[in-house]
Amino acid sequence: QQSVISRLGAALSPWHRYTLAAERQMFADPRLKAVICISELVRNDIRRFYGVPDEKLHVIYNGIDLDRYHPGLAAEHRQDFRSSHGIPADAPLFIYVGSGFERKGVGPLLTALAQASNPHTHLLVVGADKHLTRYQQQAIRLGLGSRVVFTGGIKDVRPAYGAADAFVLPTLYEPLSNAVLEALACGLPCIVSDHCGAAELITPGRNGQVCDALAIGALAQHLDSLAAPGVARGMRDAARDAVSHLGLAAMSAKLLALYRSLL
């Protein structure tokens with residue numbers, strides 16, 4: 001959760017104020033023909049805050065390389081990646097991927113993991129953050145030092161996806177999240193917040209769970225639910241199916257169709 005000082009600083013920032021003014025001017029311009037929104041969340045926000053008519057708002061999700069991200073990564077990388085990072089072969093493993101730990105909920109996630117009842121659940125935090133040490137210290141204070149692995153930035157995150165059982169992103173706000181798309185494509189059920197655009201792809205209990213970003217108790221329960229024997233594995237096919245229509249070719253076709261309609 002952002003501190004009061006952080007929120008006040010953002011509100012008073014000259015760059016923030018300039019950006020908001022530029023956005024208002026752009027969306028109000030009569031020459032505007034269409035806005036590509038990467039989720040329903042984004043479309044609803046633009047309609048609500050800027051009053052852009054529905055007919056100008058077009059939802060086209062980001063495309064995902066379904067050949068690069070796939071469930072077969074588990075067979076390729078699970079054993080070796082876990083072994084090299086000291087993660088037990090049979091431990092339930094959640095993966096978080098992303099920078100900007102404060103906005104994306106790493107702090108609340110660590111607290112939820114400490115409250116979860118399964119003492120064997122592990123967490124893999126993949127991503128760079130200038131306050132990384134703060135979160136490492138939080139994990140130690142919570143008694144999670146042996147169950148949370150901070151990898152820093154990784155050039156190729158696919159082996160990490162292959163090692164995991166499920167994905168988690170309790171973000172305060174995220175227009176979509178390519179990481180969630182990648183995780184789903186890899187067959188990982190996802191726990192996401194209701195202010196993440198990718199929540200639109202999650203059917204609770206079928207391919208993941210959705211909760212408020214700051215609902216620590218609910219997040220802990222979802223971690224326990226997906227960590228139960230066989231639960232995450234039973235959702236793998238549904239996770240993959242959720243993004244099977246979001247290949248790169250499909251995204252390109254939708255973009256081309258929109259551009260042609262505007263000519």
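Being a predicted model, the structure only gives us computed values, none of them experimental.
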Look up atom [atom1] in [X] and atom [atom2] in [Y], then write down how far apart they are to the nearest 0.5 Å.
X    : Y    : atom1 : atom2 : answer
H195 : D212 : NE2   : CG    : 7.5 Å
N118 : L226 : CG    : CG    : 11.5 Å
L184 : M235 : CG    : CE    : 11.5 Å
D129 : Y135 : CG    : OH    : 5.5 Å
D29  : R24  : CG    : CZ    : 15.5 Å
R134 : E102 : CZ    : CD    : 6.5 Å

Quiz item: Do E76 and R158 sit within salt-bridge range, that is, some charged N less than 4.0 Å from a carboxylate O?
Solution: no

Quiz item: Does the distance from a Lys or Arg side-chain N to an Asp or Glu carboxylate O, for D165 and R236, drop under 4.0 Å?
Solution: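 Not counted as a salt bridge, because no side-chain N and carboxylate O are separated by less than 4.0 Å.
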
Exercise. Could you check E182 against V157 for side-chain contact (heavy atoms from CB on, under 4.5 Å), going step by step and ending with a plain yes or no?
Key: CA-CA 10 Å; E182 293 168 357; V157 76; 4.1 Å; yes

Quiz prompt | From D90, V149, I87, residue fulfilling side-chain contact (heavy atoms from CB on, under 4.5 Å) relative to R82 | solution =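 Answer after filtering D90, V149, I87: I87.
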
Self-check item: Positive for side-chain contact (heavy atoms from CB on, under 4.5 Å) with P108, one of I216, T171, L113
Solution: I216

Is there side-chain contact between [X] and [Y], with at least one heavy-atom pair below 4.5 Å?
X    : Y    : result
L248 : L66  : no
E200 : S39  : yes
K104 : L172 : no
L124 : V126 : yes
P88  : H120 : no
L255 : I36  : yes
Y69  : I64  : yes
D156 : Y161 : no

Exercise. Step by step, work out the side-chain contact (heavy atoms from CB on, under 4.5 Å) result for D194 and C211.
Key: CA-CA 6 Å; D194 53 8; C211 65; over 6 Å; no

Quiz item: Under 3.5 Å, is there a donor-acceptor pair between the D224 and S117 side chains?
Solution: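 Per modelled atom types, D224 and S117 side chains form a pair under 3.5 Å.
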
Quiz item: With distance as the sole criterion, is a donor-acceptor pair present between the side chains of N178 and N62 under 3.5 Å?
Solution: yes

Exercise. Carefully, step by step, assess I191 and F167 under the rule side-chain contact (heavy atoms from CB on, under 4.5 Å).
Key: CA-CA 6 Å; I191 301 173; F167 181 95; over 6 Å; no

If you compare all heavy atoms of [X] against all heavy atoms of [Y], which two are closest, and at what distance to 0.1 Å?
X    : Y    : value
P170 : A213 : O-CB, 3.5 Å
I38  : P175 : CD1-CB, 3.7 Å
P189 : A239 : N-CB, 4.0 Å
L110 : A139 : CD1-N, 4.3 Å
C37  : V42  : CB-CG1, 3.9 Å
A183 : C190 : CB-SG, 3.9 Å

Counting heavy atoms not belonging to [X], are there more than 12 under 6.0 Å from its [atom1]?
X    : atom1 : result
D237 : CG    : no
H70  : NE2   : yes
E55  : CD    : yes
R206 : CZ    : no

Practice problem: Kindly say whether D80 contributes a backbone atom to a donor-acceptor pair with the side chain of S84 at under 3.5 angstrom? | Solution: yes

Quiz prompt | Whether S225 side chain and H222 backbone form a donor-acceptor pair below 3.5 Å | solution =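 No: the side chain of S225 does not pair with the backbone of H222.
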
Practice problem: Check the pair Y173 / D45 against side-chain hydrogen bond (donor to acceptor under 3.5 Å, both in side chains), numbers first and verdict last. | Solution: CA-CA 12 Å; Y173 184 84; D45 284 347; 2.8 Å; yes

Linking I/L/V/M/F/W/Y whenever any side-chain heavy atoms sit under 4.5 Å apart, do [X] and [Y] land together?
X    : Y    : answer
L73  : L188 : no
I154 : V97  : yes
L20  : V52  : yes
L132 : V125 : yes
M251 : L201 : no

Practice problem: Verify the ring-centre separation between F49 and F27: is it less than 6.0 angstrom? | Solution: no

Exercise. Could you tell me whether H85 and F81 have their ring centroids closer than 6.0 angstrom?
Key: yes

Exercise. Tell me, with the steps shown, if V168 and L219 meet side-chain contact (heavy atoms from CB on, under 4.5 Å).
Key: CA-CA 9 Å; V168 58; L219 180 54; 4.1 Å; yes

